[in-house]
Amino acid sequence: MECIVFLETHKSGSSRDAIEAAVQMGFFTILFTQQMKKLHQREEYPDVHQMIFVKDLRDKGVIYEHLRIINKQEKQIKALVSFVDPFVHLAAEIAAELGSASLSVDALYKMEDKTRFRETLKGHPAAPEHAVLPLKEDGDTLFHTHVNQLPVILKSPVSNGSKDVLLIDDKDAFLTACTSFKKQAGLSSLLLEEYVEGPQYLIEIIVEHGNVHLAAVIEQVISKEARFIITGYLMPAPLPDSSLEELQTVMESIVEQLGLSHGTCHAEMRRTVHGWKLIEINPRISGSAVNQLIYESTGISLVKETLKLNLGYPIDCTPKNQLSAYAHFITMQRKGKLIKVTGKQKAKTVEHIKKVYVKPRRGSILSAPVSMGHRYAYVIAAAPDPDEAVSAATSAAREIKFHLEPV
């Protein structure tokens with residue numbers, strides 16, 4: 001019995017799509033999870049054929065012990081992968097030790113930490129200026145030593161989903177942020193970055209034996225409130241061929257400097273008057289609705305192609321469709337306890353709608369967004385014209401109502 005082992009998954013989004021894709025490819029799926037609630041909700045994971053609880057997924061000794069047991073059950077492990085931070089590099093490392101298709105383990109390791117990839121790309125034309133700040137120093141000293149002009153970006157080196165990424169406009173905001181970060185257990189340094197102006201794009205990249213494929217270039221709609229929250233994604237991004245050619249060259253240069261010759265990543269890039277600038281890079285496909293968005297636009301399942309890369313199969317990123325797809329996310333403006341959600345079925349009836357997803361359960365406490373995890377629903381539309389797709393998704397989203405009671 002041929003198996004694919006997954007280190008962790010989210011309930012929905014790209015990581016879950018990958019498990020479903022593995023089933024469609026004919027594999028027995030095994031999930032290692034450190035979240036006990038998944039075992040309590042076992043019936044909600046029918047695509048997971050075997051679920052194994054591991055208290056700490058970063059304990060390689062325990063993982064190997066379970067892998068030995070799996071092998072004794074006459075199950076042949078063909079790939080071991082993860083689509084979830086912070087286990088991508090670990091999964092690739094173990095897969096290489098098992099003799100599976102070898103990804104660029106060192107490059108994935110660099111991309112899992114913002115300080116590591118910034119230091120690796122220091123001096124690259126697409127890299128904004130940055131500095132690593134030791135938290136042991138007082139905030140006033142850090143400010144006068146490292147902040148030359150405002151605004152700047154201050155972030156945790158291991159943040160994801162816009163959590164702990166702050167736009168700093170003045171000294172008081174800087175000092176307040178430093179005090180807050182110092183309270184976080186295990187955090188010894190901060191990353192200070194130059195603030196870059198310009199429209200932002202999500203770039204999904206798959207590198208096969210040195211060949212860099214830009215599988216998707218997606219325009220992002222950013223709502224700047226307490227954090228940078230992305231509320232819209234348009235695929236494909238409306239960019240001229242000259243910009244796309246420049247982007248291809250820049251991304252090839254970035255992945256080469258990182259040492260990524262075989263593997264996947266996604267980057268957030270800003271198009272500026274000084275060329276393309278790298279905001280973020282992560283060693284996996286984006287989560288949430290992105291895999292579905294790409295599929296509705298092109299017919300490509302990027303998670304399936306990622307699995308093929310891990311299995312040693314040739315990949316195919318040739319578009320099967322040519323539609324515009326738009327994902328619109330819903331956030332809350334106030335805090336409250338969820339009583340009910342209405343309008344979901346009506347939203348599905350809007351022309352061009354492909355998917356409507358609502359995340360929270362009744363009784364959940366919802367709040368205004370301070371991370372991407374505070375996006376509580378999304379709608380995906382696909383149409384021949386981008387304006388049609390955007391209009392359909394936003395119209396359908398307006399039908400969805402979250403009924404809250406104060407807390």
**OP:** Would you list the pairs meeting ring pair (Phe, Tyr, Trp, His ring centres under 6.0 Å) in which at least one residue belongs to residues 284-318, sequence neighbours left out?
**Re:** none
Original post:
Cut-off 3.5 Å, side chains only: do S102 and H262 have a donor facing an acceptor?
Top reply: no
**OP:** Would you kindly say whether S288 and Y378 are connected by a side-chain donor-acceptor distance under 3.5 Å?
**Re:** no
**OP:** Just jot down the ring-ring contact (aromatic ring centres under 6.0 Å, His included) partners of F402, sequence neighbours excluded, or say none.
**Re:** none
Subject >> Aromatic contact, Y376 with F329 (centres under 6.0 Å) >> reply: no
Subject >> Donor on one side chain, acceptor on other, T115 and R118, under 3.5 Å >> reply: no
Original post:
Got a sec, which pairs hit ring pair (Phe, Tyr, Trp, His ring centres under 6.0 Å) with one end in residues 39-64, sequence neighbours left out?
Top reply: F28-H49
**OP:** Measure the spacing between CG of L258 and CD1 of I281 and express it to the nearest 0.5 Å.
**Re:** 5.5 Å
Original post:
Could R68 and E65 be called an ion pair, given the rule that one side-chain N must be under 4.0 Å from one carboxylate O?
Top reply: no
Original post:
Can you tell if the side chain of I153 reaches within under 4.5 Å of the side chain of F228, non-hydrogen atoms only?
Top reply: yes
**OP:** Identify whether the distance between the nearest side-chain nitrogen and carboxylate oxygen of D316 and K320 falls below 4.0 Å.
**Re:** yes
**OP:** Could you tell me whether E399 and K344 make a salt bridge, using a distance below 4.0 angstrom between a side-chain N and a carboxylate O?
**Re:** no
**OP:** Only counting residues at least two apart or in another chain, list the ones meeting ring-ring contact (aromatic ring centres under 6.0 Å, His included) with Y201.
**Re:** W276
Subject >> Under the ring-ring contact (aromatic ring centres under 6.0 Å, His included) test, residues paired with H352 that sit two or more places apart >> reply: none
**OP:** Begin from the C-alpha positions of S261 and H209 and carry the test side chain to side chain donor-acceptor pair (under 3.5 Å) through to its verdict.
**Re:** CA-CA 6 Å; S261 60; H209 302 301; over 6 Å; no
**OP:** Quick one: which residue pairs count as a ring pair (Phe, Tyr, Trp, His ring centres under 6.0 Å) with a foot in residues 69-92, not counting sequence neighbours?
**Re:** H89-Y109
Original post:
Less than 4.0 Å between a side-chain N and a carboxylate O, is that true for K110 and E119?
Top reply: no
**OP:** Not counting sequence neighbours, which residues clear salt bridge (Lys or Arg N to Asp or Glu O under 4.0 Å) with E405? List them please.
**Re:** none
**OP:** Go through the structure and list residues passing side-chain contact (heavy atoms from CB on, under 4.5 Å) with E296, not counting sequence neighbours.
**Re:** Q292, A325, K354, I380, A382
Original post:
How would you list, by chain and number, every residue that makes a salt bridge (Lys or Arg N to Asp or Glu O under 4.0 Å) with E388, sequence neighbours excluded?
Top reply: none
**OP:** Applying ring-ring contact (aromatic ring centres under 6.0 Å, His included), name anything that partners H66, two or more places apart in sequence or on another chain.
**Re:** F32
Subject >> Q220, E219, E280, R271 screened by side chain to side chain donor-acceptor pair (under 3.5 Å) with Q200, the one that passes >> reply: Q220
Original post:
Distance from I4 atom CD1 to L307 atom CG, nearest 0.5 Å?
Top reply: 5.0 Å
**OP:** Applying side-chain hydrogen bond (donor to acceptor under 3.5 Å, both in side chains), name anything that partners T249, two or more places apart in sequence or on another chain.
**Re:** none
**OP:** State, yes or no, whether a side-chain contact exists between L191 and L133 at a heavy-atom distance under 4.5 Å.
**Re:** no
Subject >> Heavy-atom closest pair, residues S301 and N291 >> reply: C-OD1, 3.8 Å
Original post:
If you measure only the distance, is there a donor-acceptor pair under 3.5 Å linking the side chains of T331 and H374?
Top reply: no
Original post:
Are any of the side-chain nitrogens in D17 or K304 under 4.0 Å away from the carboxylate oxygens of its partner?
Top reply: no
Original post:
Take atom CD in Q35; do more than 12 heavy atoms of anything else shown fall under 6.0 Å from it?
Top reply: yes
Original post:
Do NZ/NE/NH1/NH2 and the carboxylate oxygens of R361 and E44 come within less than 4.0 Å?
Top reply: yes
Subject >> side-chain contact (heavy atoms from CB on, under 4.5 Å) partners for H274, two or more places apart >> reply: T272, K277
Original post:
Any luck finding a side-chain donor-acceptor pair between E204 and S286 under 3.5 Å?
Top reply: yes
